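Nothing fancy with the numbering, it's 1 onward along the sequence. No experiment lies behind these values; they were computed from the predicted model shown.
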Amino acid sequence: MATLGNRRNARKRLWCAIPVSCAVLIVISFTFLFDLGYKHREVTPEVMMTTPMASPSADSSLPPVVDRCSGRYIYVHDLPGRFNSDMISGCRTLSKWTDMCPFVSNAGLGPRLNNAEGVLYGTEWYATNQFALELIFHNRMKQYECLTTDSSLASAIFVPFYAGLDIGRHLWGYNTSVRDATSGDLVRWLKSRPEWSTMGGRDHFMVAGRITWDFRRLTDDEDDWGSKLLVVPEGKNMTVLVIEASPWHKNDFGIPYPTYFHPSKDSEVQLWQARMRRIRRPWLFSFAGAPRPNITASIRNEIIGQCQQSRRCKLLECDSGRSKCHSPSSVMGMFQRSIFCLQPQGDSYTRRSTFDAMIAGCVPVFFHPGSAYVQYVWHLPKNHSEYSVLISEDEVRDGKVRIEEVLETFEKSDVMAMREEVVRMIPRLVYADPRTRLETTKDAFDVTVEGVIQRVKDIKGGRVPDFSEQESWKYALTGRGGEHEWDHFFHKTSSL
């Protein structure tokens, strides 16, 4: 009887176990099939599929999976450390006169600034060195949403070589062989890569965070300035981004100098813009700078003299050892309280001061079109009268115009419109904190990458016109050559 009972109990347990086992098998099978289907439809960072995987009988109403990075992928060369990171490790050798180590901190932004004078609001202000752009741009690129490790997908290829930091440590007291050594090694490294052979480097771009003239040595004379990076054939093939471009060459493009303002959130940009719109501006115009006695064609003496003679001009002289010009708060405070900010040429066409002033909502006054209009063609409106004033430096030099009188001729409504345009442009003139990513605001980095990608696209499509380099600036501005009202500004014999 015990044996018979045991058999009955065993049969009962078996019949109870069968439904449970079946249920488990069904769950496992469903999970496996769901996971398999999901993986087939998964969108990866590398290749975003344009249509979902589906059988012919699948619901055709399902929306397609859109590749939001199509036409925007960037491939970044993994360069040996001697071309970038080793320079940061050896930061004490980057400048003959300045300890650059503090300035390469915070991803290239430099030390954080305090608000001792009450003009810098928020925590997004840093003592950024004007030559730190390569490091800032590289770190910003690491946050770019459309990076790829497949160069065949890339719309452009980035070369993270710190060309400006390299030449900056060798400009004084070194022969031409030393000045050309690192950039020469880079060219040889790039030419050995399969990515280079695809277009001979014409889809490559890099940032050289100094003025173009530091990379355009024409001879091997030891007294000649800079390196040959932008005059060798390989350098000519690449798109090179500099803080000041040449009006007469095709391969370099000006992008904004880094300022002190590096927002990490969209709201920080918007709050700053709102403040610059409503701030009181008691000074009609202002100037921060020093004379240039070694540059015979400079009009800085005339500008300083006219400012000193006016009750409506604020002057921040920069020729003393402990000048307030080295205080970001002093400089930004003056620009915030000025309607117009004078921006004559410095040692070259451009000045960092231009961007510090515009970030402060101050309308720039230029005296040469090479100071902005033919430089930052991706970042500034082509109609320069929308946001700035141009007064011919020749007329200032010859005593034919008084700056104050010219500025007084503008109607209040016209001034307000220019100021509003300057404030509206602020996001595209600043580099966001490279350790974060803005959500909807396009900063100077975003505008630059869009410009590069469009340029490479035009090169591939044969839409870049063949023109004389003498007229390069005209094509950048107008898309055509021929006579132009600014031709007399760009005679190569003209002095800066």
Checklist line | Of D180, D221, D214, D220, the residue whose pairing with K228 passes salt bridge (Lys or Arg N to Asp or Glu O under 4.0 Å) | finding: D220
Notebook entry, point to check: Which heavy atom of S388 sits nearest a heavy atom of M418, and at what distance?
Noted result: O-SD, 3.8 Å
Next item on the list: Could you pull out the closest heavy-atom pair between R217 and T219, with the gap in Å?
Entry: NE-O, 2.6 Å
Check: What pair of heavy atoms forms the shortest contact from L390 to F367, and how long is it?
Finding: CD1-C, 4.0 Å
Next item on the list: Measure up the Y121 and W272 rings against each other and bin them: parallel (under 30°), tilted (30 to 60°), perpendicular (over 60°).
Entry: tilted
Item checked: Verdict with supporting geometry, F366 and H368, ring pair (Phe, Tyr, Trp, His ring centres under 6.0 Å) -> CA-CA 6 Å; F366 299 113; H368 192 294; over 10 Å; no
Next item on the list: For the pair R437 (side chain) and Q143 (backbone), establish whether a donor and an acceptor sit closer than 3.5 Å, ignoring hydrogens and angles.
Entry: yes
Item checked: Partners passing ring pair (Phe, Tyr, Trp, His ring centres under 6.0 Å) against Y260 (at least two apart in sequence or in another chain) -> none
Notebook entry, point to check: Is the shortest distance from a Lys or Arg side-chain nitrogen in K474 or D487 to a carboxylate oxygen in the other one below 4.0 Å?
Noted result: yes
Checklist line | Flag side-chain contact, heavy atom, 4.5 Å: C341 against S286 | finding: yes
Next item on the list: For the pair F137 and F445, name the ring-plane relationship: parallel under 30°, tilted 30 to 60°, perpendicular over 60°.
Entry: tilted
Notebook entry, point to check: How are the rings of H77 and Y75 set relative to one another: parallel (under 30°), tilted (30 to 60°) or perpendicular (over 60°)?
Noted result: perpendicular
Next item on the list: Verify whether one side chain among S371 and Q343 offers a donor that lies under 3.5 Å from an acceptor in the other.
Entry: no
Notebook entry, point to check: Can you check whether M334's main-chain N or O pairs, donor with acceptor, with S338's side chain at less than 3.5 Å?
Noted result: yes
Notebook entry, point to check: With no hydrogens and no angle check, is any side-chain donor or acceptor of E244 less than 3.5 Å from a backbone partner on T212?
Noted result: no
Check: Do the charged groups of E195 and R193 touch, with an N to O distance under 4.0 Å?
Finding: yes
Item checked: Pair Y373-F489, ring pair (Phe, Tyr, Trp, His ring centres under 6.0 Å): steps then yes or no -> CA-CA 12 Å; Y373 307 147; F489 284 106; 9.7 Å; no
Next item on the list: Check for a donor-acceptor pair, side chain of N237 on one end and backbone N or O of E234 on the other, with a separation under 3.5 Å.
Entry: no
Next item on the list: Output all residues satisfying ring pair (Phe, Tyr, Trp, His ring centres under 6.0 Å) with W196, sequence neighbours left out; order by chain, then residue number.
Entry: H204
Check: Where do Y73 and L147 come nearest, in terms of heavy atoms and distance?
Finding: CD2-O, 4.3 Å
Next item on the list: Return yes if some donor-acceptor pair links the side-chain N/O of Q375 with the main-chain N/O of T350 below 3.5 Å, else return no.
Entry: no
Note to self: Please evaluate residues Y162 and H138 with respect to the criterion ring pair (Phe, Tyr, Trp, His ring centres under 6.0 Å), reporting the C-alpha separation (whole Å), side-chain torsions for both, the decisive distance (0.1 Å), and the verdict.
What the structure shows: CA-CA 9 Å; Y162 298 167; H138 186 194; 5.7 Å; yes
Next item on the list: Flag this pair as yes if the NZ/CZ of K250 is under 6.0 angstrom from the six-membered ring centre of Y475 and inside a 45 degree cone about the axis; otherwise no.
Entry: no
Item checked: All side-chain contact (heavy atoms from CB on, under 4.5 Å) counterparts of R277, not counting sequence neighbours -> Q273, E420, V423
Note to self: So for atom CZ, which belongs to R337, do other residues, nucleotides or ligands contribute more than 12 heavy atoms lying within a distance under 6.0 Å?
What the structure shows: no
Next item on the list: Take D394 and R397, measure what salt bridge (Lys or Arg N to Asp or Glu O under 4.0 Å) needs, and give me the verdict at the end.
Entry: CA-CA 5 Å; D394 296 331; R397 187 182 300 109; 2.8 Å; yes
Notebook entry, point to check: For K442, does its backbone N or O pair with a side-chain atom of R428 as donor and acceptor, under 3.5 Å?
Noted result: no
Check: Is D458 paired with R455 through a side-chain N to carboxylate O contact shorter than 4.0 Å?
Finding: no
Check: Can R72 and E145 be counted as an ion pair, charged N to O under 4.0 angstrom?
Finding: yes
Next item on the list: Could you tell me how the ring of Y257 sits relative to the ring of F355: parallel (under 30°), tilted (30 to 60°) or perpendicular (over 60°)?
Entry: tilted
Margin query: Quiz question: by atom type and distance under 3.5 Å, do the side chains of T436 and S264 form a donor-acceptor pair?
Written below: no
Note to self: Testing the basics here: between C91 and M100, what is the closest heavy-atom pair and its distance to 0.1 Å?
What the structure shows: O-CB, 3.8 Å
Check: Is R140 close enough and on-axis enough to Y431, meaning under 6.0 Å and within 45°, for cation-pi?
Finding: no
Next item on the list: Step through the shown structure and confirm whether more than 12 heavy atoms of other residues, nucleotides or ligands are within 6.0 Å of OH on Y174.
Entry: no
Check: Is the CD atom of E439 crowded by more than 12 outside heavy atoms at less than 6.0 Å?
Finding: no
Note to self: Quick check against the 3.5 Å criterion: does E268 have a side-chain atom that pairs as donor or acceptor with the backbone of G122?
What the structure shows: no
Margin query: For V240, is there any backbone N or O sitting under 3.5 Å from a side-chain donor or acceptor partner on D252?
Written below: no
Note to self: To check you understand the geometry: which heavy-atom pair defines the closest contact between K236 and L230, and what is its length?
What the structure shows: CG-O, 3.7 Å
